[in-house]
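Both counts, for ligands and for their atoms, begin at 1 and track the order of listing. This structure is a prediction, so every number in the text was calculated from the model and none was measured.
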Amino acid sequence: MERIFTGLQPSGTLHIGNYFGALKPAIDMLKSHDGMLMVADYHALTTLKDSGNLRQNIIDATKDYLAAGLDTRKTIVFQQSQVPEHTELTWIFECLVTVPFLELSHAYKDKLAKGLEANAGLFNYPMLMAADILLYDTDIVPVGADQRQHVEYAREAAAKFNNTFGETFKEPKERINEDVATLPGTDGKKMSKSYKNTIPLFGTKDDIAKAVMSIVTDSSGESPENVYAIHQHFRDRQSLGELYKANKGKYKALKDALIEDIEALISPMRQVRDAISDADVIRVLNEGSAKARERAAAKMADVRRHVGVLL
Ligand code: AMP
Ligand code: TRP
């Protein structure tokens with residue numbers, strides 16, 4: 001069976017765009033595969049320097065995935081920092097790739113283009129991600145389009161190592177779900193934290209209502225376009241068509257219907273999330289990390305043998 005590996009950066013509150021664009025596709029795919037989901041806490045350290053925040057983000061991000069339906073009996077969920085083989089393998093890859101090769105990284109170039117100074121961790125970020133993926137003989141990496149280059153880096157690292165020390169790593173492929181539509185936010189632009197136009201995934205019903213009521217409806221037509229654009233992710237075309245036909249020009253009624261539809265999706269997940277304690281999350285991560293460590297240790301023994309450091 002194909003081996004699936006994916007990772008998430010624990011970086012704060014999710015919105016419903018993240019749910020449809022990232023969580024749901026990854027969780028759906030993991031249901032039918034032998035897979036691993038890693039919380040990339042050491043990647044997060046390239047930007048986050050507040051220990052309390054990082055700790056809470058690791059717990060919250062894991063909770064979000066569990067509440068959204070991730071099955072821990074099928075998927076190994078673990079914490080990157082608890083498997084030291086990841087950073088160990090990163091070092092070996094860094095000794096194989098050149099500085100100009102890493103300088104091609106979009107994340108690094110974007111940082112420089114903004115006139116900011118990148119830390120060395122950000123510069124080496126692609127090799128840590130290559131180690132994450134390659135340690136587990138991964139076939140497929142489900143990711144958003146923004147991560148495509150990172151999976152290419154992983155393939156290059158595998159090829160470099162295999163050419164230098166002999167066949168050791170599989171070359172993984174990215175799986176980018178092209179038909180996941182971009183969810184628009186309350187202003188019609190892409191839903192994004194930085195635009196402040198989000199509908200929170202695990203907000204209260206009041207939070208959802210507030211966000212939906214703020215959807216901009218200045219269109220002169222009979223149907224509020226921005227409401228409809230979000231609504232189509234919650235209902236099939238036919239029932240949506242009937243709803244909007246029966247409520248021509250009644251923006252308030254349509255917004256109320258959208259609130260109810262969002263609430264119907266979120267409320268069961270919210271209940272599951274509320275029932276998960278921090279201690280539950282820590283237990284899940286510890287168990288998953290122990291399993292990951294076992295696999296990673298076996299692979300690293302092979303890697304050390306190939307490199308020549310195993311005496
Ligand atoms: P971000 O934290 O903005 O990088 O988002 C994390 C992931 O969520 C991205 O890789 C996307 O796959 C997904 N995502 C973010 N915003 C949206 C959106 N408005 N519509 C669909 N997917 C999104
Ligand atoms: N860089 C990824 C992101 O920001 C997270 C990540 C880290 C990852 N390691 C990974 C994703 C390995 C897939 C595979 O979204």
Side-chain angles (χ1 to χ4, degrees), residues 3-30 35-48 57-58 60-61 64-65 68 76-81 83 86-87 89-90 93 105-108 110 121-122 124-155 157-158 172-201 211 226 229-230 232-233 292 296:
R3 289 190 152 197
I4 306 286
F5 185 101
T6 194
L8 62 113
Q9 265 207 67
S11 57
T13 317
L14 298 177
H15 53 71
I16 60 174
N18 297 130
Y19 175 75
F20 286 108
L23 275 74
K24 189 171 185 301
I27 290 171
D28 286 348
M29 192 158 184
L30 285 164
M36 305 178 84
L37 175 74
M38 183 195 74
V39 182
D41 51 3
Y42 273 163
H43 275 121
L45 195 58
T46 60
T47 50
L48 208 64
N57 283 353
I58 293 166
D60 288 347
D64 293 340
Y65 272 77
I76 296 178
V77 188
F78 76 102
Q79 212 182 325
Q80 185 180 40
S81 61
V83 187
H86 289 245
T87 44
L89 182 57
T90 304
F93 288 149
S105 152
H106 300 317
Y108 174 69
D110 291 351
L122 183 78
N124 293 319
Y125 186 114
M127 290 302 106
L128 177 56
M129 185 152 157
D132 299 337
I133 296 167
L134 298 178
L135 262 177
Y136 302 100
D137 296 324
T138 302
D139 298 295
I140 308 282
V141 188
V143 279
D146 58 324
Q147 298 295 315
R148 186 192 300 274
Q149 190 196 29
H150 288 145
V151 184
E152 287 166 6
Y153 266 117
R155 268 200 298 279
K173 287 197 174 60
E174 65 273 26
R175 173 84 42 93
I176 291 159
N177 204 341
E178 306 285 3
D179 49 49
V180 171
T182 300
L183 230 84
T186 53
D187 56 0
K189 284 196 290 187
K190 177 186 168 168
M191 187 177 289
S192 167
K193 240 189 307 188
S194 43
Y195 297 151
K196 300 199 179 350
N197 63 356
T198 62
I199 301 175
L201 178 58
N226 292 337
I230 298 173
Q232 52 182 339
H233 294 272

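- Within the listing of ligand 1, atoms 12 (O), 21 (C), 22 (N) sit less than 4.0 angstrom from a heavy atom of G21.
- Taking the six-membered ring for Trp and the full ring otherwise, H15 and Y195 have centroids separated by 6.0 Å or more.
- Using modelled atom types, no side-chain atom of D139 and backbone atom of K173 make a donor-acceptor pair closer than 3.5 Å.
- Nearest to atom 21 (C) of ligand 1 among the protein's heavy atoms is G17 O, 3.3 Å.
- Heavy-atom distances between H15 and ligand 1 reach below 4.0 Å in at least one pair.
- There is no protein heavy atom less than 4.0 angstrom from atom 11 (C) of ligand 1.
- When the shell of 6.0 Å around CZ of F20 is examined, it contains more than 12 heavy atoms from other residues, nucleotides or ligands.
- Below 4.0 Å from some heavy atom of T182 lie the following atoms of ligand 1, by number and element: 19 (N), 20 (N), 21 (C).
- Within the 4.5 Å cutoff, the side chain of M29 has no heavy atoms near those of the T6 side chain.
- Checking atom 4 (O) of ligand 1 against the protein gives no heavy-atom contact under 4.0 Å.
- You'll find the side chain of M129 reaches within 4.5 Å of the side chain of H43, heavy atoms only.
- Summarising the contacts of atom 20 (N) of ligand 1 with L14, D146, T198, L183, the nearest heavy atom is found in L183.
- Taking the side chain as every heavy atom from C-beta outward, N226 and P184 never approach each other to under 4.5 Å.
- T138 contributes a side-chain N or O that, together with a main-chain N or O of I133, makes up a donor-acceptor pair within less than 3.5 Å.
- Put simply, the side chain of D60 never gets that close to the backbone of G12: no donor and acceptor are under 3.5 Å apart.
- Considering only heavy atoms from C-beta on, I16 comes within 4.5 Å of L183 through its side chain.
- Among all non-hydrogen protein atoms, the one lying nearest atom 15 (C) of ligand 1 is N18 ND2, 3.3 Å.
- Between L23 and L14 there is a side-chain heavy-atom pair separated by less than 4.5 Å.
- Between A22 and ligand 1, no N or O atom pair is found at a separation short of 3.5 Å.
- The contact shell of ligand 2, taken as protein residues with any non-hydrogen atom closer than 4.0 angstrom, comprises F5, T6, G7, Q9, M38, A40, H43, Y125, M129, D132, I133, V141, V143, Q147.
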